[in-house]
Participant: 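I have a structure here, written as structure tokens, and I will follow up with some questions on it.
Below, all heavy atoms of this structure are taken into account, side chains as well, without hydrogens, waters or symmetry copies.
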Amino acid sequence: MGRTKMQSTKYEILQCATKLFLEKGYTDTYVTTIANTLEISTGNLTFHYPTKEHILAELVRTLFEFQWETEEKEGDLLQAYLFELVLIAAVCEENPKIKDLILAVYTHPMSLAIIREYDTKRAKLTFGAYC
């Protein structure tokens, strides 16, 4: 079954915002910039995502769902967890725009709540065997 028009628009907004977050950093990306890039009105964008923080939270949720599916298939959750931490540290060291995005992810309440939710599940699965 294909995407509805609403799902397609939300996906396009998320995809465009992610690209801009990586190119400009989270701080220097504005809702109006995302809307202008997509050639939609700011009102249309805020209908789907009321704020830039909502877009960020949806991006985090999407990434964690993908990561969750991948880790379940791979099996070694501890190795995946450690790789993630090393990767975040390395990328933040090399790219100030991505560092800005990661700082936003870990400081905005909505995205932080999503991280805590997934990290709690993952910690139980990963470290339960070691405790």
Side-chain angles (χ1 to χ4, degrees):
M1 184 173 168
R3 285 192 181 116
T4 66
K5 176 71 173 154
M6 181 181 250
Q7 290 171 324
S8 180
T9 302
K10 287 183 83 159
Y11 177 77
E12 289 172 13
I13 292 169
L14 189 61
Q15 189 176 31
C16 178
T18 301
K19 182 177 184 228
L20 291 170
F21 291 160
L22 293 172
E23 289 174 358
K24 298 174 172 272
Y26 179 81
T27 304
D28 292 331
T29 300
Y30 303 96
V31 170
T32 54
T33 308
I34 299 166
N36 290 340
T37 302
L38 288 170
E39 298 178 351
I40 62 173
S41 69
T42 304
N44 188 6
L45 189 147
T46 58
F47 171 79
H48 297 286
Y49 297 104
T51 67
K52 184 169 72 167
E53 187 177 348
H54 285 85
I55 297 171
L56 182 66
E58 184 63 25
L59 171 61
V60 169
R61 182 176 309 285
T62 301
L63 290 173
F64 269 103
E65 286 174 3
F66 173 76
Q67 182 180 15
W68 191 263
E69 290 173 13
T70 304
E71 286 179 357
E72 284 182 330
K73 291 176 188 170
E74 296 299 320
D76 192 348
L77 296 176
L78 181 58
Q79 184 178 359
Y81 185 70
L82 294 173
F83 180 72
E84 175 189 348
L85 295 175
V86 169
L87 182 63
I88 288 172
V91 169
C92 286
E93 186 72 26
E94 292 295 318
N95 189 321
K97 301 298 183 185
I98 293 178
K99 182 178 181 178
D100 178 61
L101 176 59
I102 297 294
L103 287 173
V105 165
Y106 281 92
T107 56
H108 284 80
M110 289 172 61
S111 56
L112 195 53
I114 294 166
I115 291 169
R116 286 183 178 138
E117 174 189 334
Y118 279 93
D119 276 356
T120 300
K121 290 178 190 177
R122 185 166 53 174
K124 287 178 183 176
L125 286 174
T126 304
F127 300 113
Y130 301 100
C131 297

Participant: Which residue pairs pass the ring pair (Phe, Tyr, Trp, His ring centres under 6.0 Å) test with at least one member in residues 31-52, sequence neighbours excluded?
Facilitator: none
Participant: Can you see which heavy atom on A104 is nearest to which on S111, and at what distance?
Facilitator: O-OG, 3.8 Å
Participant: Checking L85 now: which residues fulfil side-chain contact (heavy atoms from CB on, under 4.5 Å) with it, not counting sequence neighbours?
Facilitator: Y81
Participant: For K99, check salt bridge (charged side-chain N to carboxylate O under 4.0 Å, His left out) against everything at least two apart and list the hits.
Facilitator: none
Participant: As an exercise, state the distance from OG1 of T42 to OH of Y30, rounded to the nearest 0.5 Å.
Facilitator: 14.0 Å
Participant: Going by the rule side-chain hydrogen bond (donor to acceptor under 3.5 Å, both in side chains), which residues pair with T27 if we only count those two or more places apart in sequence or in a different chain?
Facilitator: D100
Participant: Sequence neighbours excluded, which residues qualify as salt bridge (charged side-chain N to carboxylate O under 4.0 Å, His left out) partners of E94?
Facilitator: none
Participant: Can you hop from L87 to L22 via hydrophobic side chains spaced under 4.5 Å?
Facilitator: yes
Participant: Who are the side-chain contact (heavy atoms from CB on, under 4.5 Å) partners of E23, not counting sequence neighbours?
Facilitator: K19, L20
Participant: Which one of V31, T32, T9 satisfies the side chain to side chain contact (heavy atoms under 4.5 Å, CB included) criterion with L45?
Facilitator: V31
Participant: Using 0.5 Å steps for rounding, measure from the OG1 atom of T37 to the CD atom of Q15.
Facilitator: 12.5 Å
Participant: Quick one: pull up CG in L103 and NE2 in H108 and give me the separation to the nearest 0.5 Å.
Facilitator: 10.5 Å
Participant: For K121, check salt bridge (charged side-chain N to carboxylate O under 4.0 Å, His left out) against everything at least two apart and list the hits.
Facilitator: E117
Participant: Decide yes or no for L112 and T107: does some side-chain heavy atom of the first lie under 4.5 Å from some side-chain heavy atom of the second?
Facilitator: no
Participant: Could I get the full list of side-chain hydrogen bond (donor to acceptor under 3.5 Å, both in side chains) partners for N36, not counting sequence neighbours?
Facilitator: none
Participant: Mind checking what makes ring pair (Phe, Tyr, Trp, His ring centres under 6.0 Å) contact with Y118, not counting sequence neighbours?
Facilitator: F64
Participant: Just list the side-chain donor-acceptor pairs under 3.5 Å for residues 50-59, sequence neighbours left out, or say none.
Facilitator:
residue	atom	partner	partner atom	Å
T51	OG1	E53	N	3.3
T51	OG1	H54	N	3.2
T51	OG1	H54	ND1	2.6
K52	NZ	Y26	O	2.7
K52	NZ	T29	O	2.7
E53	OE2	M110	N	3.1
H54	ND1	T51	N	3.4

Participant: One pair to check against side chain to side chain contact (heavy atoms under 4.5 Å, CB included): I13 and I40. What are the steps and the verdict?
Facilitator: CA-CA 10 Å; I13 292 169; I40 62 173; 4.2 Å; yes
